Enquirer: 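Below is a structure I'd like to ask you about.
The structure presented is a predicted model; accordingly, all values stated were derived computationally and were not measured. In each ligand, atom 1 is the first atom listed, and ligand 1 is the first ligand listed.
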Amino acid sequence: MTSRTLQGKSAIVTGGASGIGGAITRLFVARGARVVVVDLQEEAGQAIEKELGDAVVFLPGDVSDRTVADTAVATAVDRFGSLDVLVNNASVSRQKPFEEQTDDDWNLAMDTGLYATRNFMLAALPELKKTGNASIVNFGSGAGLNGQPNQASYAAAKEAIRGLSRVAANEWATFNIRVNVVCPMALTAGVAAWADARPEQYAQSAASVPLGRFGDPDRDVAPIVGFLASDDAQYMTGQTVMADGGSVKLR
Ligand SMILES: NC(=O)c1ccc[n+]([C@@H]2O[C@H](COP(=O)([O-])OP(=O)(O)OC[C@H]3O[C@@H](n4cnc5c(N)ncnc54)[C@H](O)[C@@H]3O)[C@@H](O)[C@H]2O)c1
């Protein structure tokens, strides 16, 4: 039987229509939560809303638009009565050498990564305070921790999110709002396309993971986010959790 560790909780999942975000939305609903899914992809958003019924409200929108954050919070309160959990999962970037990254490339990584995360956290704060027991899960990346080549703007945005999360964990502990970061490694559609195009590189990367494979969004990553969102993690805040098969070991 699926554990109902998120029973009665109301959540926002950005980028919650597909990829890791889609896996999080499905797991949250299976564990008893209701979810506002914010996503650019209308078709995927409508599909997951249809699949999961009344437990999901799809809000089409770009996370880099500040008004979308306000609307998402208002929608959660209007439809579900409160907001207990915020997952800042969506983010996009372009991969190229540092010296070739343009202002536009940097703005994309920062606007959809750091600023979207900040805006959603600030928009959610008044409602999260009211619950007296809330959880925020933000997304970092091994690319930031390792300084992965071709990822300058993305790595900078992701490490800034980790810094912001630690400050918010300290400042908002007084409201019992926990703030943690997950750094995933998962075989999403984008990674699968790369694996098809460069099978040797993919095999090499997978072999370098201690657990010997890329993670599965549903089975390997979403349960870790579900744990952090639940009361089982009530004594954890300010942490970065690696959902990466043991690739990075933080101390
Ligand atoms: N997949 C991995 O191995 C990996 C590794 C490290 C970090 N991450 C991080 O995990 C998170 C999820 O990754 P993923 O691989 O599932 O990504 P993805 O690109 O497969 O999916 C992201 C989802 O967000 C949506 N989205 C993208 N830009 C948006 C925007 N501006 N506004 C609203 N929605 C938007 C997309 O439509 C999609 O549904 C990201 O923060 C990513 O940086 C992923």
Enquirer: Which pairs count as side-chain hydrogen bond (donor to acceptor under 3.5 Å, both in side chains) when at least one residue sits in residues 73-84, sequence neighbours excluded?
Expert: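 The answer is Ser82-Asp84.
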Enquirer: Name the residues with a heavy atom less than 4.0 Å from ligand 1?
Expert: Gly15, Ser18, Gly19, Ile20, Asp39, Leu40, Gln41, Gly61, Asp62, Val63, Asn89, Ala90, Ser91, Val92, Thr112, Phe139, Gly140, Ser141, Tyr154, Lys158, Pro184, Met185, Ala186, Thr188
Enquirer: Which pair of heavy atoms, one from Ala55 and one from Phe80, lies closest together, and at what distance?
Expert: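 Residues Ala55 and Phe80, closest heavy atoms: O-CZ, 3.9 Å.
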Enquirer: Is Arg213 salt-bridged to Asp220, going by a charged N under 4.0 Å from an acidic O?
Expert: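 Here Arg213 pairs with Asp220 in a salt bridge, since their nearest N and O are under 4.0 Å apart.
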Enquirer: For Asp104, which residues count as a side chain to side chain contact (heavy atoms under 4.5 Å, CB included) partner, sequence neighbours excluded?
Expert: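 Only Arg94, Thr102 meet the side chain to side chain contact (heavy atoms under 4.5 Å, CB included) criterion with Asp104.
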Enquirer: Determine the minimum heavy-atom distance between Gly16 and Thr25, stating which atoms define it.
Expert: O-OG1, 2.8 Å
Enquirer: Applying side-chain hydrogen bond (donor to acceptor under 3.5 Å, both in side chains), which residue pairs with at least one partner in residues 163-185 are found, sequence neighbours left out?
Expert: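 Counting only pairs at least two positions apart or across chains, the side-chain hydrogen bond (donor to acceptor under 3.5 Å, both in side chains) contacts touching residues 163-185 are Asn138-Ser165.
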